[in-house]
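Everything below concerns the one structure shown next.
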Amino acid sequence: MAVIVPAFGVAHLVGEALASLQAQTMREWECVVVDDGAPDGVAAAVAPFLVDPRITLLETDNGGVSVARNRAIAASSAPLIALLDGDDRLRPDYLARTCAALEADSQVRIVTVNARIYGAVPTERTCVTGRQGRGNGVHGSLADVLDRSFGVYIGSTFRRADFEAAGGFDPAMTHAEDFDLWVRLMLLGGSALYIDEILADYRVRGCSASASGVKMLKGNIRTYEKALSVLPKEAPEADVARAMIAENRRELRFALAADRIIDGDTSALADLRANAAPELGRTWQWAFLLWRLVPRLAPPMLALRQRRNARGAGAPDIETVPPHPVHSVMESA
């Protein structure tokens with residue numbers, strides 16, 4: 001198993017990630033930590049771990065997370081690949097459980113797990129709280145991954161051969177690059193497999209890339225557009241992709257309207273209301289009524305909501321409290 005650890009901006013945390021790797025019950029692994037031109041001393045933080053011959057450090061110029069992961073994967077050789085972000089941790093049985101799952105079924109393209117979410121959140125929780133997908137709760141189809149009823153945690157595992165067949169991470173994707181890879185892996189055929197155990201710990205940081213809601217939504221839309229370009233027009237999965245494009249575009253319009261209001265343009269309240277989720281909660285209903293009567297209250301209230309979400313009060317990334325069953329950390333961190 002090759003474990004890929006991008007460590008840009010997490011020099012103070014990457015030691016915890018590597019220590020969790022060294023604590024694995026499965027001992028046969030290699031690890032490539034990629035210092036993607038980080039400004040915060042990643043090399044010095046990793047140096048004490050280089051006495052372990054299984055761990056290597058790859059120092060490169062800054063090319064973004066997709067390029068960094070591609071470079072690190074190219075520098076490794078094991079047939080199975082696991083992703084571990086430099087601010088997250090693995091539980092001791094993670095590698096053993098995911099490796100065994102991949103080796104047991106050649107039709108599985110991705111093995112994903114449940115994880116504890118902690119850090120800049122008011123209450124710790126898990127990534128998955130309900131049933132995965134529309135099948136047996138263990139296997140997910142392409143349609144399940146597309147419509148997010150089957151969530152894929154960022155720290156998932158897959159085969160090198162499949163990664164290469166799918167074309168690796170797309171360097172043009174700055175957000176949702178992992179979701180884009182999951183979809184392209186699933187386009188190869190087969191299924192995703194969910195292990196219903198907490199086998200990792202996902203750290204939410206207030207300044208993490210997962211707080212970039214608008215960019216994440218644009219990345220999601222691009223992922224669906226790419227899938228549509230290769231799916232047969234009449235395929236059921238194409239219908240799912242088209243529906244998800246429409247939904248993400250609605251969410252994007254909502255997010256952009258909120259930004260305009262925060263900047264002082266209360267005329268955008270009409271756009272905000274028009275693009276609110278159909279299942280609008282009572283709190284939002286009361287807020288819209290209040291803002292209709294006193295529009296000047298909308299900017300500070302929305303700004304407060306945005307700050308809370310940026311600190312991890314909601315699910316990380318757009319990922320606000322999702323309209324889809326499993327959103328957020330099940331993809332980009």
Side-chain angles (χ1 to χ4, degrees), residues 117 120-122 127 129 145-149 151 173-180 183 204 206-228 239-333:
I117 303 173
V121 291
C127 291
T129 57
V145 172
L146 283 169
D147 71 8
R148 309 300 183 85
S149 63
M173 300 285 292
T174 59
H175 288 73
E177 73 287 337
D178 44 3
F179 178 50
D180 174 65
V183 170
V204 174
C207 60
S208 68
S210 61
S212 304
V214 167
K215 292 179 180 178
M216 187 65 68
L217 283 165
K218 290 179 178 179
N220 291 343
I221 292 167
R222 178 59 184 145
T223 296
Y224 291 121
E225 290 173 341
K226 289 171 64 178
L228 270 180
D239 290 337
V240 173
R242 283 188 282 267
M244 294 304 293
I245 287 173
E247 172 63 15
N248 277 263
R249 284 177 175 166
R250 180 197 64 75
E251 292 182 35
L252 179 59
R253 292 191 297 270
F254 183 90
L256 291 173
D259 284 347
R260 286 170 55 198
I261 295 166
I262 290 170
D263 289 340
D265 180 7
T266 55
S267 69
L269 278 167
D271 287 342
L272 192 75
R273 180 60 187 260
N275 290 290
E279 63 277 11
L280 199 64
R282 182 168 295 180
T283 299
W284 275 106
Q285 292 174 0
W286 279 110
F288 279 120
L289 177 61
L290 175 63
W291 297 338
R292 183 177 298 171
L293 297 172
V294 192
R296 69 177 183 276
L297 293 179
M301 291 174 68
L302 285 170
L304 177 61
R305 174 182 177 272
Q306 189 177 79
R307 288 194 298 272
R308 286 176 172 171
N309 283 343
R311 290 197 301 268
D317 89 73
I318 35 191
E319 293 211 355
T320 64
V321 176
H324 312 306
V326 186
H327 227 342
S328 71
V329 300
M330 298 305 289
E331 6 171 295
S332 193

| query | Heavy-atom distance under 4.5 Å between the side chains of Arg260 and Asp271, does that happen here? | reply | yes
Distance col, row Lys218:NZ vs Asn248:CG, nearest 0.5 angstrom, shows 13.0 Å
Taken to the nearest 0.5 Å, the spacing of Asn220 CG from Met244 CE works out to 7.5 Å
Of all heavy-atom pairs linking Arg250 and Asn275, the shortest is NH1-O, 2.5 Å
Asp263 meets the side-chain hydrogen bond (donor to acceptor under 3.5 Å, both in side chains) criterion, sequence neighbours left out, with none
Between Gly219 and Ala176, the two heavy atoms sitting closest are C-CB, 3.6 Å
Output for pair (Met216 CE, Glu177 CD), nearest 0.5 Å, gives 7.0 Å
Value for CZ (Arg305) from CD1 (Ile262), rounded to nearest 0.5 Å, stands at 8.5 Å
OG1 of Thr266 to CZ of Arg296, rounded to nearest 0.5 Å, is 11.0 Å
Interatomic distance, CG@Leu272 vs CG@Leu256, rounded to 0.5 Å, equals 11.0 Å
The side-chain contact (heavy atoms from CB on, under 4.5 Å) partners of Arg273 (sequence neighbours excluded) come to Leu280, Phe288, Arg292
When you compare the side chain of Leu290 with that of Met301, does any pair of heavy atoms fall below 4.5 Å? yes
Please lay out, stage by stage, how Trp291 and Leu302 fare under the test side chain to side chain contact (heavy atoms under 4.5 Å, CB included).
CA-CA 11 Å; Trp291 297 338; Leu302 285 170; 3.7 Å; yes
Lys215 atom NZ: more than 12 heavy-atom contacts under 6.0 Å
no
**Request:** Ignoring hydrogens and angles, tell me if any N or O in the side chain of Tyr224 forms a donor-acceptor pair with the backbone of Ala243 under 3.5 Å.
**Result:** no
For Arg222, the side-chain hydrogen bond (donor to acceptor under 3.5 Å, both in side chains) test, sequence neighbours excluded, returns none
